[in-house]
There are 2 protein chains.
Amino acid sequence: MPELSEPIQTFILHWGEMGTRWGVNRTVAQIHALLMVSDRPLPADEIAETLQVARSNVSTSLKELQSWGLVKSMHVLGDRRDHFQSEKDVWDMFLIVMDERKRREIDPSIAVLRDCAEALKSESNPESHAEKQIGELLQFMETTNSWYANVRKLPKPLMIRFFKMGGRLNKILGS
Amino acid sequence: MPELSEPIQTFILHWGEMGTRWGVNRTVAQIHALLMVSDRPLPADEIAETLQVARSNVSTSLKELQSWGLVKSMHVLGDRRDHFQSEKDVWDMFLIVMDERKRREIDPSIAVLRDCAEALKSESNPESHAEKQIGELLQFMETTNSWYANVRKLPKPLMIRFFKMGGRLNKILGS
DNA sequence: TGAATACTTCAGTCTTGACAGAACATTCAG
DNA sequence: CTGAATGTTCTGTCAAGACTGAAGTATTCA
């Protein structure tokens, strides 16, 4: 592995930093960044060397990235080592992350809110404000969820068009 | 402060947990949750007692919530203490968080990516793949940013309509 | 078969950030 | 002016979890 050029280092470090701000382990995010900009799949030991972290740390981080579906392992002819490559398409990456966060965090939250709302309803209730507030939170999440489901099922080119549009929102909604 | 009922405890604890998953301090998120479901503004000491955390911890967490614009302090007649109330409207809350994350994280990331892309362009370049990838990331962020700006400037009722719609997306985009 | 290679898991260490409690600052009532 | 009430800041402690190196497992090849 050639040393990383300065701008690429900057990118990887920044991506790692952003990771932490969004609840993602720094090393995991850095490895993701590295694989994104790599022009070929990398074996774990090369990643460890490049980022100067322990081999074992790379192993678990790669597992994590694979569990998100952001990284896949593959093989290279004449090399026994696993090689890892990142999803490269930014839109696909985005959707993967959204799907996964929905599955891991939003959906369970909706379930919890629903239970809480239910429990508060059946008590004859000195906490009607809380009930109302939680109900609104629940409704909000359900609304955005179903909105997302609809965006999600658009074929990708249409979806991209949808996001590039936006200037025309007013016109559409005005009708 | 009456003790928290069981479903409300559940809600607050869950909200705290979700906080950590999104890079927000657990106590900060818990206080936010408590204030959301409270039917009146609460003074800091009451929050500390209710959530069983140190008064000083509450102080700094409230500062944090205020810096996000999610919580405001106010005064109650005949009480010298500051009382804190959360924004209650879920849509407004959502927009506040989006605005703030854009300002704190997305915009700076765009700046970094732009610098990196620039630096990679001027080097006569063995890293054209990285350049391409970072360029696409940049483009993606700029696209979503401007999409968000357009959604953002809709009057709230229209915006809500926009999110409740979604079923009609296909029809609209088909044209 | 066993040495070499690759990968994973585990146990202990280290770091970061969260937190408590104390010290400090400010305001206000008397 | 003083002391009680309130809020903030600071310092040291602690815990969570990130990370390392070593031990363990699996696979391949000589």
Side-chain angles (χ1 to χ4, degrees), chain A residues 1 12-13 15-35 40-68 71-85 104-105, chain B residues 1 12-13 15-35 40-68 71-85 104-105:
Chain A
M1 185 97 197
I12 290 173
L13 292 177
W15 203 253
E17 214 46 51
M18 283 305 101
T20 64
R21 302 266 200 131
W22 293 83
V24 176
N25 178 288
R26 178 178 284 114
T27 307
V28 170
Q30 285 181 354
I31 292 176
H32 180 223
L34 174 60
L35 291 178
R40 64 193 165 88
L42 299 179
D45 50 1
E46 207 172 311
I47 297 173
E49 192 194 352
T50 305
L51 298 180
Q52 318 240 48
V53 294
R55 178 67 185 73
S56 55
N57 194 1
V58 172
S59 179
T60 49
S61 296
L62 282 169
K63 277 270 136 61
E64 175 76 6
L65 284 167
Q66 284 173 297
S67 86
W68 281 78
V71 162
K72 303 247 183 279
S73 78
M74 56 164 304
H75 292 274
V76 168
L77 221 68
D79 193 333
R80 279 172 52 193
R81 297 173 299 176
D82 291 346
H83 287 60
F84 298 89
Q85 62 185 340
R104 297 181 184 199
E105 286 141 23
Chain B
M1 186 94 198
I12 290 174
L13 292 177
W15 203 252
E17 215 43 53
M18 282 306 100
T20 64
R21 303 265 199 131
W22 292 83
V24 175
N25 177 286
R26 178 178 284 116
T27 307
V28 170
Q30 285 181 355
I31 292 176
H32 180 224
L34 174 59
L35 291 178
R40 64 193 165 88
L42 300 179
D45 48 2
E46 208 173 312
I47 297 172
E49 194 194 351
T50 306
L51 298 180
Q52 318 240 49
V53 295
R55 180 66 187 74
S56 56
N57 193 1
V58 172
S59 179
T60 47
S61 295
L62 283 169
K63 277 269 137 63
E64 175 75 7
L65 285 166
Q66 283 174 297
S67 86
W68 280 78
V71 163
K72 304 247 184 277
S73 79
M74 55 162 306
H75 292 276
V76 169
L77 221 67
D79 194 333
R80 278 172 53 194
R81 297 172 299 177
D82 291 346
H83 287 60
F84 299 89
Q85 63 185 340
R104 298 182 184 198
E105 287 140 21

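Basis for what follows: all heavy atoms, side chains included, without hydrogens, waters or symmetry-related copies. Letters go in sequence order (proteins before strands), and every chain restarts at 1.
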Output the distance between atom [atom1] ([X]) and atom [atom2] ([Y]), rounded to the nearest 0.5 Å.
X        : Y        : atom1 : atom2 : answer
Leu13(B) : Gln30(B) : CG    : CD    : 5.5 Å
Leu42(B) : Asp82(B) : CG    : CG    : 12.5 Å
His32(B) : Leu62(B) : NE2   : CG    : 11.5 Å
Met74(A) : Lys72(A) : CE    : NZ    : 12.5 Å

Taking atom [atom2] of [N] as reference, at what distance in whole Å does atom [atom1] of [X] sit?
X        : N       : atom1 : atom2 : result
Arg21(A) : dT16(C) : CZ    : P     : 16 Å
Glu17(A) : dA18(D) : CD    : P     : 14 Å
Gln66(B) : dG7(D)  : CD    : P     : 11 Å
Lys63(A) : dA6(C)  : NZ    : C1'   : 12 Å
Gln30(A) : dC19(D) : CD    : P     : 8 Å
Glu46(A) : dC7(C)  : CD    : C1'   : 16 Å
Arg81(A) : dC29(D) : CZ    : P     : 14 Å
Leu77(A) : dT28(D) : CG    : P     : 14 Å

Under 4.0 Å, heavy atoms only, any strand: does Asp82(B) hit a base, just the sugar-phosphate, or nothing?
sugar-phosphate
Search all heavy atoms of [X] against all heavy atoms of [Y] and return the closest pair with its distance.
X        : Y        : result
Ile31(B) : Ser61(B) : CD1-CB, 3.5 Å
Trp15(B) : Ala29(B) : CD1-O, 3.2 Å
Glu46(A) : Thr50(A) : O-OG1, 2.7 Å

Axial bend angle, the helix from dT1(C)-dA30(D) to dG30(C)-dC1(D): five-pair end segments, nearest 10°
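Rounded to the nearest 10 degrees, the bend comes out at 0°.
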Show me the side-chain donor-acceptor pairs of residues 19-28 of chain B shorter than 3.5 Å, one per line, residues at least two apart or across chains.
residue: Thr20(B); atom: OG1; partner: Glu17(B); partner atom: O; Å: 2.6
residue: Trp22(B); atom: NE1; partner: Glu105(A); partner atom: OE1; Å: 3.2
residue: Asn25(B); atom: OD1; partner: Thr27(B); partner atom: N; Å: 2.8
residue: Asn25(B); atom: OD1; partner: Val28(B); partner atom: N; Å: 3.2
residue: Arg26(B); atom: NE; partner: Glu17(B); partner atom: OE1; Å: 3.4
residue: Arg26(B); atom: NH2; partner: Glu17(B); partner atom: OE1; Å: 3.3
residue: Arg26(B); atom: NH2; partner: Glu17(B); partner atom: OE2; Å: 3.1

Would you give a per-nucleotide map of nucleotides 18-29 of chain C, 5' to 3', where B means the base has a protein non-hydrogen atom under 4.0 Å away, S means only the sugar-phosphate does, and - means neither?
SSBB-----BS-
Ser59(A) side chain N/O closer than 4.0 Å to the phosphate oxygens (OP1, OP2) of dC7(C)?
no
If we only count heavy atoms from C-beta on, is the Pro41(A) to Phe84(A) side-chain gap below 4.5 Å?
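Result no, sub-4.5 Å side-chain heavy-atom pair not found.
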